Every structure is written in C-alpha cells, then in structure tokens.
Amino acid sequence: MLNYEDKIKNLSTLKELEELRVEIFGKKGVLAEKFSKLKTLSKEEKKRVAKELNEIKERLLFLLNEKRAFLEDKELKERMKKEAIDVTLFDGKSESGALHPIFSMIDKAVDFFISMGFSIEEGPLIEEEFYNFEALNLPKYHPAREMQDTFFLKDGKLLRTQTSPVQIRVMQKQKPPIKLISPGAVFRRDYDLTHTPMFHQIEGLVVDKEGKVSFSNLKYILEEFLRYIFGDVKIRFRPSFFPFTEPSAEVDISCIFCNGEGCRVCKKTGWLEVLGAGMVDPNVFEAVGYKNVSGYAFGMGIERLAMLYYRVPDLRTMFEGDLRLLEQFK
Ligand code: PHE
C-alpha cells in the first residue's frame, strides 16, 4: 500500500486526484477489496490486519486531503492568473459619452428654477382628457383644441400634448402655495423642419393667496431665466391666447443670430419666440376646487431653447442620434 503514498505525492491535477481517490476508497477500490478479504482470516489475524488497514486508510485519507487543498489552491491561482483583467490597461479606444443637448438644456433650466425655490414635479405621458384638456379650460369640441393635434389612444386616453396637465394633478393633491416646474416629453401629430411628434417642455406654475402672485412676478422670473440662458438679450411680452391663462402672453427674445437686425432664422423680424405664459384662468382654479387664489403659469419647448442655445439649425437632427452631432456636446 505504500506505493499509494508516492502516487498521492506525485499527483499534479485535481482530476488525477479524483481518479486515484476512487481507485483507493471507491466501493470497488483497493481498500474495499482488502477489507472484504478479512473474513477469510483467523480471529487473531483479522484483528491485527484490520487495525493495520484502518491505519493505512486514515493515513492515505489525510495525505489525499492535504494534496487536494494544495492542488485546489494551485489551480485557483493559475486560473486567476489566466483570467486576470488588467483594469489599468488603457485600450486607447474608450471614449466618454456626453449628455444629449436636450437633457443638458433641461438640467440647466432645472438648476435655475431650483435656485429660485421651485420644486420638480412629474406626470404621466399617457394622460386622461380631463387633465390634458377639460380641467385646463379646454372643453370637448372647443375649437382651441385644434391648437394641439393629438394622438388619441383606443381606450379614450391620449398622449399628453403639453406638460400643463401636471398643474392640475398637483393642484388636486396639494394646497397652495405651489411653486413647481415640470419637465418632460409631450406628443403632437406634427412632423416638419420645426416640429417632431415627440418633444420636451418645461411647465411652470406658481399659486398663492389672492393678490400674492402678479403678472410682474411672472415677468421677473421669466426675464431672469432668459438672461440666465441667453445672456444679454432684449425680451418682450406679446399679448396672446392660451385657454388656461388670462391674460396670456408669448415671450420673445431679440434674435441671437443677428442681434435683432433681422435674418433668416428670425424671419427678418429681429425676434425669436421662446415661450408662452399668463395668469392662471379662474376656470382652471374652479376645476381643482381652489378659491381665493391667484397664480401664473408658463410653458416652454426645450428643443427650441436647445436649438437656439447650441445653434443647431434643424430640429430633426436632435432625434437622429448621429454621433457627429452628439460628439460636439462632450
Ligand atoms: N401648454 C402651452 C403649450 O403647450 C404652453 C403654456 C403653458 C402657456 C403654461 C401658458 C401657460 O403651448
């Protein structure tokens, strides 16, 4: 049996070890065979040989386990060496990504409004008619609904055409004062040089006790915001119409391409329209059960701001994922 000690010493893989283990300790192994022969011996002999066999068995088992621990350790080290990844190795090809211009623009705007004490709210993209239209003073069959070509879903819901429904959702759950902005995607059935079926808006809503929120507050916040984004531009408020605000205004900045002198981008007017705003219409407050409050709201298209800020001439390129465009925003 002593030659098995050498065999164990000379093992070099776990696979060989397992084979040898079966050879020695298996049901039909050498030890089993030797033990089975005990019954042919005399009582005295049996006792002596059995004792001897048990000692050999224990010794071989000990050697085998010792060898196994050694081989396991060795094979693990070899595997780790073979599979090691040098994390410090620079392949020369890795490049960092960048935020898409639309999301950098959202971040920029959000930073400004947070610094002014606004909170951020979000609402669902699949919206109910009540929130997207009815509660915003846009009753069924009202012609003003035509302003926003809508994707209707089969179940009567729709893809929100504006971020304004978030105003309603928040006012339903919260009491004034409210001071929120809500960035997010909106959808309209439109596709040309300056329109895509999906785009992004930021909504703003401020509501407080009657008399506490005025048009000049609105004017101040929007002027600060537009100067924060575009620097030293002229700003003008033009009377306009939105069903959910009264009075309403559209806000223009002096054309950043020609400094207001008139060019192709501003269609020779010297002005670029950037957002819509107004004092919240009393019908909207009525729809959410608010009494004796006043408020203002505004909404702007992120893509429009981003195109002007980053000087991207065609809106559609914003959604094509062309790396040549995106790489410029690192
Ligand atoms: N929801 C309007 C739009 O999509 C923008 C707007 C928001 C205007 C809030 C006034 C007040 O055109």
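Because the structure is a prediction, the values reported are computed rather than measured.
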Report yes or no: is the cationic atom of Lys108 (NZ for Lys, CZ for Arg) under 6.0 Å from the centre of the six-membered ring of Tyr228, at an angle within 45° of the ring normal? yes
Looking at His100, is its backbone amide N or carbonyl O close enough to the side chain of Ser104 to form a donor-acceptor pair, meaning the two atoms are under 3.5 Å apart? yes
About how many Å separate NZ of Lys140 and CG of Leu138, when rounded to the nearest 0.5 Å? 12.0 Å
For Glu303 and His200, indicate whether the former's side chain and the latter's backbone hold a donor-acceptor pair under 3.5 Å. yes
Under the 3.5 angstrom rule, does the side chain of Ser294 hit a backbone N or O of Gly211 as a donor-acceptor pair? yes
In plain terms, say whether Glu78 and Lys81 are close enough for a salt bridge, that is, a side-chain N and a carboxylate O under 4.0 Å apart. no
Flag the pair Glu223 and Lys219 as a salt bridge only when some basic side-chain nitrogen lies within less than 4.0 angstrom of an acidic carboxylate oxygen. yes
What's the spacing between Thr13 OG1 and Leu11 CG if we round to 0.5 Å? 7.0 Å
Short side-chain to backbone donor-acceptor contact, Asp208 and Val213, under 3.5 Å: no
For Asn137 against Pro243, the heavy-atom pair lying closest together: ND2-O, 2.8 Å
Got more than 12 heavy atoms from elsewhere within 6.0 Å of CD, Glu122? no
What one should report as the nearest heavy-atom pair of Phe237 and Val251 is CE2-CG2, 3.6 Å
Side chain of Ser248, backbone of Phe241: donor and acceptor closer than 3.5 Å? no
Report yes or no: do Ile221 and Val274 belong to one cluster of Ile/Leu/Val/Met/Phe/Trp/Tyr joined by side chain heavy-atom distances under 4.5 Å? yes
Has Arg188 got its NZ or CZ under 6.0 Å from the middle of the six-membered ring of Phe199, at an angle within 45 degrees of the ring axis? no
Whether over 12 other heavy atoms sit under 6.0 Å from Arg189 CZ: no
Verify, without hydrogens or angle tests, whether Asn54 (side chain) and Lys51 (backbone) share a donor-acceptor contact under 3.5 angstrom. no
Shared ILVMFWY cluster between Val280 and Leu218, side chains joined below 4.5 angstrom? no
Nearest heavy-atom contact between Gln201 and Thr163 is OE1-N, 2.8 Å
Do Leu180 and Val110 belong to the same hydrophobic cluster, where Ile, Leu, Val, Met, Phe, Trp and Tyr are linked whenever their side-chain heavy atoms lie under 4.5 Å apart, directly or via other members? no
For Leu136 and Pro165, which heavy atoms make the closest approach, and how far apart are they? CD1-N, 3.8 Å
Take atom CG of Asp86 as the centre, draw a 6.0 Å sphere, and report whether it contains more than 12 heavy atoms from other residues, nucleotides or ligands. yes
Are more than 12 heavy atoms, taken from residues, nucleotides or ligands other than Lys179, located less than 6.0 Å from that residue's NZ atom? yes
Thr269 (side chain) donor-acceptor with Trp271 (main chain) under 3.5 angstrom: yes
Is it true that, when you exclude Arg311 itself, more than 12 heavy atoms of the residues, nucleotides or ligands shown sit nearer than 6.0 Å to its CZ? yes
Are Tyr131 and Gln167 close enough, and set up right, to give a side chain to side chain donor-acceptor pair (under 3.5 Å), and what steps lead you there? CA-CA 9 Å; Tyr131 293 103; Gln167 291 185 23; over 6 Å; no
Rounded at 0.5 Å granularity, tell me how far CD in Glu273 sits from SG in Cys266. 13.5 Å
Spatial distance of atom CZ (Phe319) from atom OG1 (Thr196) [nearest 0.5 Å]: 4.0 Å
Can a salt bridge be assigned to the pair Arg59 and Glu55 using a cut-off of 4.0 Å between side-chain N and carboxylate O? no
Joint cluster assignment, Ile114 & Val170, ILVMFWY side-chain distance < 4.5 Å: no
Measure the acute angle between the ring planes of Phe329 and Tyr310, then classify it against the limits of 30° and 60° as parallel, tilted or perpendicular. perpendicular
Give a yes or no on whether the backbone of Pro282 and the side-chain of Glu246 come within a donor-acceptor separation of less than 3.5 Å. no
Taking atom CZ of Phe62 as the centre, does the number of heavy atoms from other residues, nucleotides or ligands within less than 6.0 Å exceed 12? no
Measure the CG-CD distance between Leu158 and Glu127 for me, rounded to the nearest 0.5 Å. 7.0 Å
Apply the side chain to side chain contact (heavy atoms under 4.5 Å, CB included) test between Lys67 and each candidate in Asn10, Leu14, Leu20, Leu17; give the one that qualifies. Leu17
Taken to the nearest 0.5 Å, the spacing of Ile253 CD1 from Arg227 CZ works out to 10.5 Å
Taking atom CD of Glu18 as the centre, does the number of heavy atoms from other residues, nucleotides or ligands within less than 6.0 Å exceed 12? yes
In short, Ser12 meets Glu75 closest at the heavy-atom pair O-OE2, 4.4 Å
Arg160 charged N/C atom sitting above Phe133 aromatic ring, 6.0 Å / 45°: no
Within a 6.0 Å radius of atom NZ on Lys74, are there more than 12 heavy atoms belonging to other residues, nucleotides or ligands? yes
For the aromatic rings, using the six-membered ring if either is Trp, is the centroid distance between Phe225 and Phe298 under 6.0 Å? no
Taking the inter-plane angle between the rings of Phe242 and Phe244 on a 0 to 90° scale, is it parallel (under 30°), tilted (30 to 60°) or perpendicular (over 60°)? parallel
